[in-house]
Amino acid sequence: MTPASLSDALHAALTDAVADGTFALDPADLPTTVHVERPRQREHGDWATNIAMQLGKKAGMAPRAFAEELARRLAAVPGVSAVDVAGPGFLNITLLASAAGELVRTAVEAGAAFGRGDALAGESINLEFVSANPTGPIHIGGVRWAAVGDSLARIMQAAGAKVAREYYFNDHGGQIDRFAQSLLAAARGQDAPEDGYGGAYISEIADQVIAGAATAGRPDPRTLPDDEAQEAFRAAGVDLMFAEIKASLHAFGVDFDVYFHENSLHDSGAVDRAIARLRALGRIYEKDAATWLRTTDFGDDKDRVIIKSDGEAAYIAADLAYYLDKRERGFDRVIIMLGADHHGYVGRMMAMCAAFGDTPWTNLEILIGQMVNLLKDGQPVRMSKRAGTVVTIDDLVDAVGVDAARYSLARSSTDSMLDIDLDLLTKATNENPVFYVQYAHARTANVARNAADAGVRRADGFDASLLDHVAESVLIGALSEYPRVVAQAAELREPHRVARYLEMLAGSYHKWYDQCRVAPFGDEEVTDLHRTRLWLNDATRQVLANGLGLLGVSAPERM
RNA sequence: GCCCGCGUAGCUCAGUGGAUAGAGCGUCCGCCUCCGGAGCGGAAGGCCGAAGGUUCGAAUCCUUUCGCGGGCACCA
């Protein structure tokens, strides 16, 4: 019996009681799903619900009386061992070991599919994340979105959604011009321009541009007239930077389905078409030689310039076209992950969405994540390219490896600022909870090996009623929560829930391991208890592997 | 000034109205005669920033307030 089937049983009991008039409620008053949760205290049973406290008053009954009646009906359900009413009206439910343990078989047999669900079935989602400017390597701030975004994509896919990962590549505009100027200056041995980029990577890329031109038999770009030279460095430099970013992300385990170039929106006329569309809808006006979008009609603080008075498209013009492009590619849900420093965009982006006739927060969803704070010796360090204190995605991976990096970035809520202490990270890797979880997985693999050596085989027997140790019912309860954790993480867009869940599951497993032996001692005879425990061991292994997979973290057989 | 996020154990952080507020790391005490001790058991450590309110019940929701971070362009 799973929490879902228990929830269904509760719902059925409520429906019956309403139908026969015991509860003076309208069927519409009943929630579609009755929420059950694992009680904090083990003595409170396997599952608990507060439904009696929610509905009692509505039915004109004392919550406890309501609970008593519901308990009576639920106790008759097969698989339910005991139902107690506690406190103000909690229903504490204990399952028969045999009923609870069936989940173990379900999990093993479902394999990699265990935990997949339909919470997001039928949704076609475009998830944009990272989208760092190609003016330098991805630094530690951007890495957070790489880890969280990719995990979110995996989780939403597990929840049944069709997801495209997308990276928006800002290869147009002033920042890129400054990047090109910086490359040119470095190539000619000059100082970086005002507001330019001065890191060591700039001269490295400049050298590569020069070398690339030589290989291709083109003239040395340094010798061209200024504007041609700058364009040569721009075109080649952006490509090189792009390749580097892509390679770094790939090494981090993150591959995008689409790398979308902003330039293409301008070149293809998509920007003009988007503006024409809005003009036809009456959302556009001209003022002070600029073209404006009336975003204040849709809740924005002020109207936004989309074509500047110098005739150039403002940044948001490309956003209009990009959003429209995504929608026209068939995505009914466009999700964009942005850092807190871009929070100011939300209002205008939602207004833009509404201006097209779409529904803000439904067709367009913007997730704001707080920034990463870099610490050294416990003190915050301001990252500066000149001071050499920039920490890139590659630095992080070199220091701690992909698993530890991804896990530590994905395990906390993006609503919270994240402190990353480099010194701590580089020397004390065992302080990362990822190893606690991975070790649990390695341990399940080891137990399985030992069991196999001792001649314990799953196929020879499974008797769920034998899983009656407290540690086993706790572990089974933990396993049974996994599908709902995945669904919830997907719906709330919160991958960290999966990580926290895995830590809890690993804890339950370690405790079980300590108390319940799987492989027989010495010449002890192999019994169904050993076999059934091997099922439980393997079910845990499967869930740990599935969960780590959603985070893009490996599940090692040995450590 | 206005908008958003966050103030929970020594540190880093979970906890989308429920029962005695949790984990990892750090500190202290135990456990290798049998599945790997990267583990387990136990202890210490909290006025959940503060004050009001909502209700059977608030770390969680509302208001106010203090502190920290971020944002308020014809930059991208």
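Within every chain, numbering begins at 1; the chains are lettered A, B, ... in the order of the sequence lines, protein sequences first and strands thereafter.
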message: For B/A14 and A/S416 - does any side-chain N or O of the residue sit under 4.0 Å from the phosphate oxygens OP1/OP2?
response: yes

message: Quick check on B/C40: is either OP1 or OP2 less than 4.0 Å from any side-chain nitrogen or oxygen of A/Y436?
response: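 A/Y436 to B/C40 OP1/OP2: side-chain N or O found under 4.0 Å.
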
Using 4.0 Å as the upper bound for N to carboxylate O, is an ion pair formed by [Y] and [X]?
X      : Y      : result
A/R457 : A/D460 : yes
A/E557 : A/R541 : yes
A/E166 : A/K326 : no
A/D300 : A/R304 : yes

With a non-hydrogen cut-off below 4.0 angstrom, is [X] in contact with a base, only sugar-phosphate, or nothing?
X      : result
A/A86  : base
A/R443 : sugar-phosphate
A/G174 : sugar-phosphate
A/N537 : nothing
A/N92  : base
A/Y513 : base
A/L492 : base
A/H496 : sugar-phosphate
A/T291 : nothing
A/A48  : base
A/R449 : nothing

Tell me the partner of [N], counting only Watson-Crick (N1-N3 plus N6-O4 or O6-N4) or G-U wobble (N1-O2 and O6-N3) with both under 3.5 Å; none if nothing fits.
N     : result
B/G30 : B/C40
B/G69 : B/C4
B/A23 : B/U12
B/U54 : none

How many Å lie between [atom1] on [X] and [atom2] on [N], as a whole number?
X      : N     : atom1 : atom2 : answer
A/R497 : B/A14 : CZ    : C1'   : 9 Å
A/H441 : B/A38 : NE2   : P     : 18 Å
A/R500 : B/A23 : CZ    : C1'   : 7 Å
A/N432 : B/A23 : CG    : C1'   : 13 Å
A/R38  : B/G15 : CZ    : P     : 17 Å
A/D453 : B/C34 : CG    : P     : 18 Å
A/L320 : B/C74 : CG    : P     : 15 Å
A/D419 : B/C11 : CG    : P     : 12 Å

Nearest-neighbour nucleotide for the A/V518 side chain, B/A19, B/C35, B/U16 considered: B/C35

- prompt: Looking at the side chain of A/R517, which of B/A23, B/C35, B/G39 is the nearest nucleotide?
  reply: B/C35

Integer angstrom distance from the [atom1] of [N] to that of [M]:
N     : M     : atom1 : answer
B/C6  : B/A50 : C1'   : 16 Å
B/A44 : B/U12 : P     : 24 Å
B/G30 : B/G67 : P     : 47 Å
B/C25 : B/G39 : P     : 6 Å
B/C68 : B/G49 : C1'   : 11 Å
B/A59 : B/U20 : C1'   : 15 Å
B/G22 : B/C66 : C1'   : 27 Å
B/A23 : B/U63 : P     : 33 Å

message: Between the base of B/C74 and the side chain of A/S309, is one N or O donor paired with an acceptor at under 3.5 angstrom?
response: yes

- prompt: Does the B/A14 base have a donor-acceptor partner in the side chain of A/D415 within less than 3.5 Å?
  reply: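 No, the side chain and the base share no sub-3.5 Å donor-acceptor pair.
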
Answer whether the closest heavy-atom distance between the side chains of [X] and [Y] falls below 4.5 Å.
X      : Y      : value
A/I368 : A/Q370 : yes
A/R144 : A/S412 : yes
A/R234 : A/E231 : yes
A/Y322 : A/I336 : no
A/H441 : A/M559 : no
A/F90  : A/V85  : no
A/Y407 : A/V437 : yes
A/H266 : A/H172 : yes

message: Please verify the inter-ring angle class for A/F242 with A/Y259; under 30° counts as parallel, over 60° as perpendicular, anything in between as tilted.
response: perpendicular

- prompt: On RNA chain B, nearest-nucleotide positions of A/D288 versus A/H510: which is more 5'?
  reply: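 The answer here is A/H510.
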
- line: Note: for A/W292 and A/V447 on RNA chain B, the residue whose nearest nucleotide lies more 5' is A/V447

- line: Relative to its sugar, using the 90° cut-off around 0, the base of B/C32 is syn

field: Of all pairs that satisfy ring-ring contact (aromatic ring centres under 6.0 Å, His included), the ones with a partner from residues 487-510 of chain A, not counting sequence neighbours
entry: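 Checked against ring-ring contact (aromatic ring centres under 6.0 Å, His included) - neighbours excluded - the pairs reaching residues 487-510 of chain A are A/Y436-A/H510, A/Y439-A/H510, A/Y482-A/Y501, A/Y509-A/W512.
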
Table of protein N/O atoms under 3.5 Å from nucleotides 55-62 of chain B N/O atoms:
| residue | atom | partner | partner atom | Å |
| --- | --- | --- | --- | --- |
| B/C56 | OP1 | A/K57 | NZ | 2.5 |

task: Indicate whether A/F90 forms a stack on B/G18; treat it as stacked only if centroid distance is below 5.5 angstrom and interplanar angle below 30 degrees.
output: no

Considering only nitrogen or oxygen atoms on both sides, find all protein atoms under 3.5 Å from nucleotides 68-73 of chain B and state each distance.
| residue | atom | partner | partner atom | Å |
| --- | --- | --- | --- | --- |
| B/G70 | O2' | A/A340 | O | 2.9 |
| B/G70 | O2' | A/D341 | N | 3.3 |
| B/G71 | O2' | A/G344 | N | 3.4 |
| B/C72 | O3' | A/K302 | NZ | 3.4 |
| B/A73 | O5' | A/K302 | NZ | 3.3 |

